[in-house]
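Step one of this worksheet: look at the structure below.
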Amino acid sequence: MQIDLKALMAEPYVLMFAAVFTGLVLGRLRIGQFIFGLSGTMFTGLGIGWWIYHRYAAPFASLYAANPADPDIPPAALQILRGGVVGKEFFTIFLILFVASVGLLAARELGVVIRRFGLKFVILGVVVTLTGAAAVYAMVRLFPGQNPFAVAGVYTGALTSSPGLGAAIEATSRFGKEAQAMVGAGYAITYPFGVLIVILGIQFLPRLFGIDIEAEKRAYAAEMQLHRLAGPVAATGEGFDLAALAVIGILGYLLGSITVNLGPLGRFGLGSTGGILLTALFLGYLGRIGPLNFRMEPRILAAIRDVALVFFLAVTGLRYGFKVIDALVGGGGYLVLVALVAGTLAMLVGFAVGRWWFRINWVLLAGALCGGMTSTPGLGAAIDAVGSDGPAAGYGATYPSALLGMVLFTVLLYSLPL
């Protein structure tokens, strides 16, 4: 029996499962309050992707550039040079499943949240993402000449947005793999710093501004009791409707394919990321249409979300890992600085608007800030720091509008002159 180890090592399924397994192991390691969680799969994917590319593909890159049909290029190297370490189709399907499940989960409480809190959380999600985008744009304008695709990736990394990364990579696909690689590299370089900003902000903002967390918890409990609204509450999900999920995929993809002419900014479209998110939110809010049930069991949706997320992040790392080292050497330090400034300003402005303008209780605001930054690790830190599950309500209320803001501002960032 003979085994072609080179071909086996380049097999996408082997690489994906290896990145997921090692990433989940990494995700369990805790350094103080910091934990990678499911996002660990992207970082191990980056390492594996970088090693595979440099070990099997890089030595033959010049031959491939001169003659893609050169017989001296081994099959494993040819596969990587043609389609990347892992094919784009894997990236797309896991992204769709992740965004659809997130939208359906958020849709369950959409009506209750709007009736109870109005548009405060929706506005907060837009404010946080807009502040981050404006800060990134201002920083790169101070030092022109930055790669616009890396800048879009830096923005999504600074605000720790995996769906934003998906939107950025998808939106830049027409510019080729190099452009997509720069988006992935910008995200990978700055994501850990974005997570760190969220966790430190949740820990230190109450201390900086004299917030009594125990008093906030008591006030939160009283406020929920006082403003509990009468009326129908979303029913518990009934199992899982695969046909309904397929309909979301079809309609969302069609919606995402629609583009609008924005003049000098070119044509703008939500892409599959935004289209599927909007479709999932709308249909999930409606609940049932004829035989299709869009209000599914949360535990099943959460499982789909987590599985899709770990594979989506692993594939992202595998596809773009080979560019990370080059980006770090070529100007990564400045990109990290941009992310630190953008993430910090987004948190501070979000806190100021939520606390002093909207007067939101800290229990909810802590989660809302994490939702505005689309940071699931940050939400875990908020729940731990507050000692309550209350932040999850603020997170869920803010997250959808923040996702939409990320999609819009990410596209604008690489479209505007830098």
Side-chain angles (χ1 to χ4, degrees), residues 27 30 32-39 98 102-103 105-106 109 113 117 120-133 155-165 187 190-209 211 213 216-217 220 277 302 305-306 309 313 339-340 342-355 358 360-406 409:
R30 180 180 293 274
Q33 289 292 327
F34 181 80
I35 185 170
F36 281 107
L38 300 182
S39 300
F98 171 59
V102 166
L105 283 166
E109 303 298 331
V113 166
F117 303 109
K120 291 182 180 179
F121 288 127
V122 175
I123 295 173
L124 195 58
V126 175
V127 166
V128 171
T129 50
L130 176 59
T131 301
Y155 172 55
T156 62
L159 270 67
T160 67
S161 177
S162 300
L165 169 64
Y187 175 90
T190 55
Y191 175 87
F193 299 95
V195 173
L196 185 61
I197 289 169
V198 178
I199 293 175
L200 291 178
I202 294 301
Q203 294 286 339
F204 290 107
L205 281 174
R207 301 178 186 179
L208 289 174
F209 296 100
I211 297 175
I213 295 179
E216 294 290 305
K217 289 166 64 176
Y220 170 73
L277 175 64
R305 176 201 61 200
D306 291 347
L309 178 59
L313 292 175
L340 290 173
T344 301
L345 285 177
M347 284 284 289
L348 288 174
V349 172
F351 174 83
V353 171
R355 186 68 179 179
F358 291 151
I360 299 174
N361 183 286
W362 173 247
V363 174
L364 286 173
L365 182 57
L369 291 176
C370 296
M373 299 285 283
T374 62
S375 176
T376 304
L379 175 62
I383 292 173
D384 182 58
V386 174
S388 165
D389 289 326
Y395 180 89
T398 312
Y399 190 78
S401 62
L403 278 180
L404 292 176
M406 286 298 307
F409 300 134

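FYI, side chains are in, hydrogens and waters are out, and symmetry mates aren't considered; it's all heavy atoms of this structure. We count residues from 1, following the sequence as given. This is a predicted model, so every value here is computed, not measured.
- Among all heavy-atom pairs drawn from T398 and G371, the shortest one is CG2-C, 4.1 Å.
- Qualifying side chain to side chain contact (heavy atoms under 4.5 Å, CB included) partners for A366, counting only residues two or more places apart in sequence or in other chains: I202, W362, A382, V386.
- Considering only heavy atoms from C-beta on, L365 comes within 4.5 Å of R355 through its side chain.
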List the atom pairs, with distances to 0.1 Å, where a side-chain N or O of residues 121-131 and a protein N or O form a donor-acceptor pair under 3.5 Å, not counting sequence neighbours.
{"from": "T129", "atom 1": "OG1", "to": "G125", "atom 2": "O", "distance (Å)": "2.9"}
{"from": "T129", "atom 1": "OG1", "to": "V126", "atom 2": "O", "distance (Å)": "3.1"}
{"from": "T131", "atom 1": "OG1", "to": "V127", "atom 2": "O", "distance (Å)": "2.7"}

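- Counting only heavy atoms from C-beta outward, the side chains of I197 and L340 approach each other to under 4.5 Å.
- Minimum heavy-atom separation, Q203 to R207: O-NE, 3.7 Å.
- Atom CZ of F98 sits about 7.5 Å away from atom CG of L313, to the nearest 0.5 Å.
- The nearest pair of heavy atoms linking P206 to G201 is CD-O, 4.2 Å.
- Across A158 and T190, no two heavy atoms sit closer than the pair N-OG1, 3.8 Å.
- In this structure, L364 CG and E216 CD are separated by 10.0 Å, a value rounded to the nearest 0.5 Å.
- Between Y155 and Y187, a ring centre-to-centre spacing not shorter than 6.0 Å is recorded.
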